[in-house]
Amino acid sequence: MSQLEKNYSPRDFEDRIYKYWTDSGFFAPDTDSGKIPYTIVIPPPNITGQLHMGHALNNTLQDIIIRTKRMQGYAALWLPGTDHASIATEAKIVEAMKKEGLTKEDVGRENFLERAWAWNEKYGSRIVEQLKKLGCSCDWSRLRFTLDEGCSKAVDKVFVDLYEKGLVYRGERIINWCPYCRTSISDAEVEYGEKDGHFWHINYPLADGGGHLSLATTRPETMLGDTAVAVNPNDDRYKQYIGRTVILPIVNREIPIIADDYVDTEFGTGVVKITPAHDPNDFFVGQRHNLPVINIMTEDGRINQNGGEFEGLDRYEARDRIVELLKEEGFLTKTEEHRHNVGECYRCSTVVEPRVSLQWFVKMEPLAKPAIQAVKDGEIKFIPDRYSKTYFNWMENIKDWCISRQLWWGHRIPAYHCDDCGDITVSLTTPDACKCGGLLRQDEDTLDTWFSSALWPFSTLGWPENTRDLEYFYPTNVLVTAYEIIFFWVARMIFSGLYNMNKIPFDTVLIHGLVRDEIGRKMSKSLGNGSDPIDVINNYGADALRFMVTIGLSPGSDTRENSEKINAGRLFANKLWNSARFVLMNVEQDTKPEIPCTLTLEDRWILTKYNNLIAEMTANIDKYELGLGLQKIYDFIWDVFCDWYIEIVKPRLWSGGEGADSVKSLLLYILSGSLKLLHPYMPYITEELWQSLPGREGSIMVSPWPEYNAQYIYDSAADFENVIEAVRAIRNIRNEMNIPVSKKAVLYVETKQRQIFDECASVFVKLAGASEVVTGDSFDISGAVIIPTANARLLIPAGELVDTKKETERLTKERDACQKDIDFISGKLSNQSFIAKAPEKIINAEKEKLAKAQERMANIMLGIADTIDS
RNA sequence: GGAGGCAUAGCUCAGCUGGUCAGAGUGCUUGCUUGACAUGCAAGAAGUCCCCAGUUCAAGUCUGGGUGUCUCCACCA
């Protein structure tokens with residue numbers, strides 16, 4: 001009755017299946033079903049983004065979990081959405097406008113935002129479509145966007161609330177400034193890299209003419225903003241200078257020599273120039289000593305009017321000119337090569353300029369405290385656990401968070417300035433006028449993108465409205481993300497959840513690694529390495545891609561993209577496809593997938609294997625050991641089901657009669673159960689095959705997850721393992737002796753367990769080249785190959801093929817190996833401390849092993865004797 | 001300067017709470033058009049589980065040290 005094509009061809013059905021799922025509404029959970037909710041919120045991809053391998057991994061893992069939970073009967077919600085990605089998107093739009101010869105300022109804020117929304121319209125849906133191709137079972141009816149009305153409301157509410165509680169403040173602080181993006185960025189957005197630079201040694205002459213102080217700098221242009229020179233108060237070399245002044249070369253400004261502990265006497269000359277406006281440490285020194293702050297740079301990294309003759313020069317041009325001048329005037333005493341770490345903007349890689357400016361900040365300490373506690377108390381668990389250390393390390397040393405950005409694309413800060421009295425009104429609604437009656441204008445700045453993503457687990461569920469979704473689905477269950485993003489996002493969601501909802505946002509953070517390219521490099525746009533997941537899907541199928549990212553995955557560690565693994569996934573899909581095809585070709589339209597009343601030995605064996613599989617896989621997925629789970633169902637389908645069970649069962653299947661009927665039922669039962677277990681991992685092929693099964697209604701994705709049933713665990717499964725062992729041994733020998741498959745021979749089996757071998761005679765006929773199986777207590781056959789196993793002696797008459805000498809050698813080797821085993825085990829068992837201290841289970845297992853080996857030894861010895869006789 | 005990961009077959013990697021753990025895929029050798037699949041089947045070769053100590057009846061598995069390698073955080077002018 002099979003209508004399946006001969007080969008697996010995912011393109012023929014993946015899109016169709018996905019449409020079927022969405023049309024049926026399976027992805028959208030019901031809040032009134034009485035089921036227990038299970039929720040995952042997606043890490044929202046940027047609207048500038050295209051699906052890359054990292055997304056493929058991240059979303060495959062989430063889909064595996066949510067599909068499993070859905071089948072297990074939870075009201076499973078996977079809530080999708082996208083991130084407006086303020087700085088990244090704005091950069092792209094600015095870039096695009098540049099091609100038209102336009103700047104932001106040319107078009108103005110309103111027009112710029114129109115362009116940005118158009119961008120979102122055009123590209124925001126692209127990544128969503130790509131997630132759909134991957135097979136993600138997100139509830140698209142609940143799709144959110146960080147800049148949509150609801151999320152914006154949440155952002156405003158949190159901002160106003162934090163402001164009112166004094167946790168958001170505005171102040172002149174030193175921040176990281178990107179001269180290319182022309183905005184402040186947070187500490188987390190700076191990336192450090194080693195760069196070659198110079199160490200310029202400069203003499204600062206003392207104002208009173210008593211010589212000079214020598215110091216070194218890597219950024220000489222900042223001297224334009226120097227307002228002091230500092231030494232360590234305990235440094236005997238310089239104690240005498242404290243309180244005196246130096247003349248700043250070139251600038252000719254007189255600045256004080258101050259004492260501060262910050263100065264390291266061991267480093268450099270022990271004298272430091274202090275530029276409070278352009279160095280974070282100097283800024284704090286300046287604060288302690290009430291030094292003036294001279295900002296010498298414009299927003300685009302040029303020297304401003306405070307730089308005198310250097311005004312208008314780019315910071316690097318200014319650096320060169322100043323070095324030149326210093327040299328000319330004799331202040332420069334030495335130039336050293338110096339390799340040091342330089343901070344760059346994480347979006348555009350421009351070297352960041354520390355700069356004092358007026359920004360909005362979130363006071364972190366009070367927020368971080370409970371967030372640290374929640375993880376310490378185990379309310380929130382990181383998997384693997386070591387990442388909680390990363391989290392603590394950051395949270396315990398956290399500095400205030402600079403949240404204002406000089407960008408247009410984002411949530412505009414709901415603060416209103418009065419030009420008359422200088423007062424600031426922070427409000428959810430646009431106020432008409434200032435308290436003083438003056439006109440108000442809204443703050444020009446927008447908020448850090450991560451301010452809105454920090455609210456994601458509840459803003460997407462409707463907060464600040466008290467919606468049914470919020471009540472039902474919050475707190476969410478597991479958050480799946482890469483370790484890269486713990487600081488940016490995970491930590492901020494935790495304190496935001498605790499602060500605004502008074503509840504943790506999720507109880508588990510499942511951390512995964514990066515997908516690297518085939519030679520282990522990080523994937524990056526500049527390298528252009530790694531392949532496009534969409535290409536992979538088109539060529540191999542989404543299921544093969546999902547297989548690739550999941551198989552062999554170990555929680556928290558990086559994986560490599562591997563074309564061999566993608567192919568392995570495709571081959572596995574093909575194998576499954578064909579096994580289903582085989583089953584469908586051999587069952588009837590009215591065959592039911594059920595366990596028949598009468599079971600043969602191999603039936604009991606596969607039922608045992610199958611039930612153990614259910615238990616193990618369910619446990620694996622519960623513990624987020626998703627790679628292990630896939631490995632198990634893979635082994636079961638390919639090795640247990642296809643290579644052994646199907647092959648064994650063929651004769652019975654074709655014999656007709658009742659035996660055939662029960663095989664058909666059981667084949668269908670195991671197949672449909674296996675499809676279910678595999679479904680979370682490879683949803684498309686399992687659905688397509690499920691739909692082909694006779695008498696099937698509905699979708700596999702809402703079918704109940706298989707349940708372990710101890711009733712179908714049989715001791716006799718071990719007997720069948722012995723049969724398998726015997727088959728393998730025979731195949732091995734036949735192969736070694738070059739006996740062609742076509743050449744059949746009678747198989748004589750000497751055993752105390754004749755019943756097992758009698759029952760399994762057909763197995764040997766089918767799989768081990770036996771023409772028939774004769775069991776008995778003892779045989780005397782001349783010219784036979786003798787194969788000893790644990791519970792039998794197998795004899796195959798092979799006539800002239802048998803080389804007595806060779807056979808004796810083979811058996812002697814086996815005897816020696818077996819003797820070694822026996823010695824080892826009995827050694828263990830005669831060790832008194834082993835007997836005294838090892839658990840009984842282990843001891844019994846060893847005893848059994850010994851008994852088995854001894855039986856085998858007896859069979860080997862008999863074999864040797866017989867071989868020599870003949 | 002701090003913190004952490006990794007080191008297991010030629011290659012890419014699994015191995016949960018110490019005891020059927022020495023595994024998978026791929027590659028290699030050999031033999032097969034066995035009525036689902038040659039995108040397949042069968043058999044085989046191949047590993048001091050990085051090194052040295054320690055804990056234990058028992059150590060790829062736990063502890064300490066070493067070597068190699070990768071990453072994160074901080075950033076000293």
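Order of the sequence lines sets the chain letters (A, B, ...), proteins ahead of strands, with each chain counted from 1. Everything numeric here is computed off the predicted structure, so don't read it as measured data.
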Hey, does [X] reach any base, or is it just sugar-phosphate, or nothing, if we go heavy atoms under 4.0 Å?
{"X": "A:N831", "value": "sugar-phosphate"}
{"X": "A:K575", "value": "base"}
{"X": "A:S579", "value": "base"}
{"X": "A:F487", "value": "sugar-phosphate"}
{"X": "A:R728", "value": "sugar-phosphate"}
{"X": "A:W644", "value": "nothing"}
{"X": "A:K828", "value": "nothing"}
{"X": "A:K522", "value": "sugar-phosphate"}
{"X": "A:I646", "value": "base"}
{"X": "A:T218", "value": "sugar-phosphate"}
{"X": "A:D643", "value": "sugar-phosphate"}
{"X": "A:K632", "value": "nothing"}

Can you name the residues that form a side-chain contact (heavy atoms from CB on, under 4.5 Å) with [X], not counting sequence neighbours?
{"X": "A:D12", "answer": "A:S9"}
{"X": "A:K273", "answer": "A:Y204, A:L215, A:T217, A:T222, A:M223, A:D226, A:T275"}
{"X": "A:A798", "answer": "A:V785, A:L801, A:V802"}

task: Pull up the glycosidic torsion of B:G60 and say syn or anti, syn being anything within 90° of 0.
output: syn
field: For A:F199, all residues meeting ring-ring contact (aromatic ring centres under 6.0 Å, His included), sequence neighbours excluded
entry: A:H201, A:H338
- request: Apply ring-ring contact (aromatic ring centres under 6.0 Å, His included) to A:Y624 and list each qualifying residue two or more places apart in sequence or on a separate chain.
  value: none
- prompt: For the ring pair A:F547 and A:Y681, is the centre-to-centre distance below 6.0 Å?
  reply: no
Please report, to 0.1 Å, the donor-acceptor pairs under 3.5 Å made by any side chain of residues 735-744 of chain A, with sequence neighbours excluded.
none

- prompt: Under the ring pair (Phe, Tyr, Trp, His ring centres under 6.0 Å) criterion, do A:F392 and A:Y387 qualify, and how do the steps go?
  reply: CA-CA 9 Å; A:F392 291 137; A:Y387 286 106; over 10 Å; no
What donor-acceptor contacts under 3.5 angstrom involve side-chain atoms of residues 643-650 of chain A, with partners at least two apart or in another chain?
unit_1: A:Y645; atom_1: OH; unit_2: A:D603; atom_2: OD1; d: 2.6
unit_1: A:E647; atom_1: OE1; unit_2: A:K650; atom_2: NZ; d: 3.3
unit_1: A:E647; atom_1: OE1; unit_2: A:K766; atom_2: NZ; d: 3.2
unit_1: A:E647; atom_1: OE2; unit_2: A:K650; atom_2: NZ; d: 3.2

Tabulate below the donor-acceptor pairs under 3.5 Å that side-chain atoms of residues 837-851 of chain A make, not counting sequence neighbours, or state none.
unit_1: A:E846; atom_1: OE2; unit_2: A:K849; atom_2: NZ; d: 3.2

Heavy-atom contact window of chain A on RNA chain B, given 5' to 3' at under 4.0 Å: B:A3 to B:A77
Listed pairs under 3.5 Å, donor-acceptor, residues 629-636 of chain A side chains, sequence neighbours left out:
unit_1: A:Q631; atom_1: NE2; unit_2: A:D635; atom_2: OD1; d: 3.3
unit_1: A:K632; atom_1: NZ; unit_2: A:N620; atom_2: OD1; d: 2.8

task: Could you identify which residues of residues 838-853 of chain A place a heavy atom less than 4.0 Å from some atom of RNA chain B, listed by residue number, or say none?
output: A:A838, A:P839, A:I842, A:K849
query: So what's the dot-bracket for RNA chain B: Watson-Crick or G-U pairs under 3.5 Å, [ ] if a pair crosses, | if it pairs off-strand?
result: (((((((..((((.....[...)))).(((((.......))))).....(((((..]....))))))))))))....
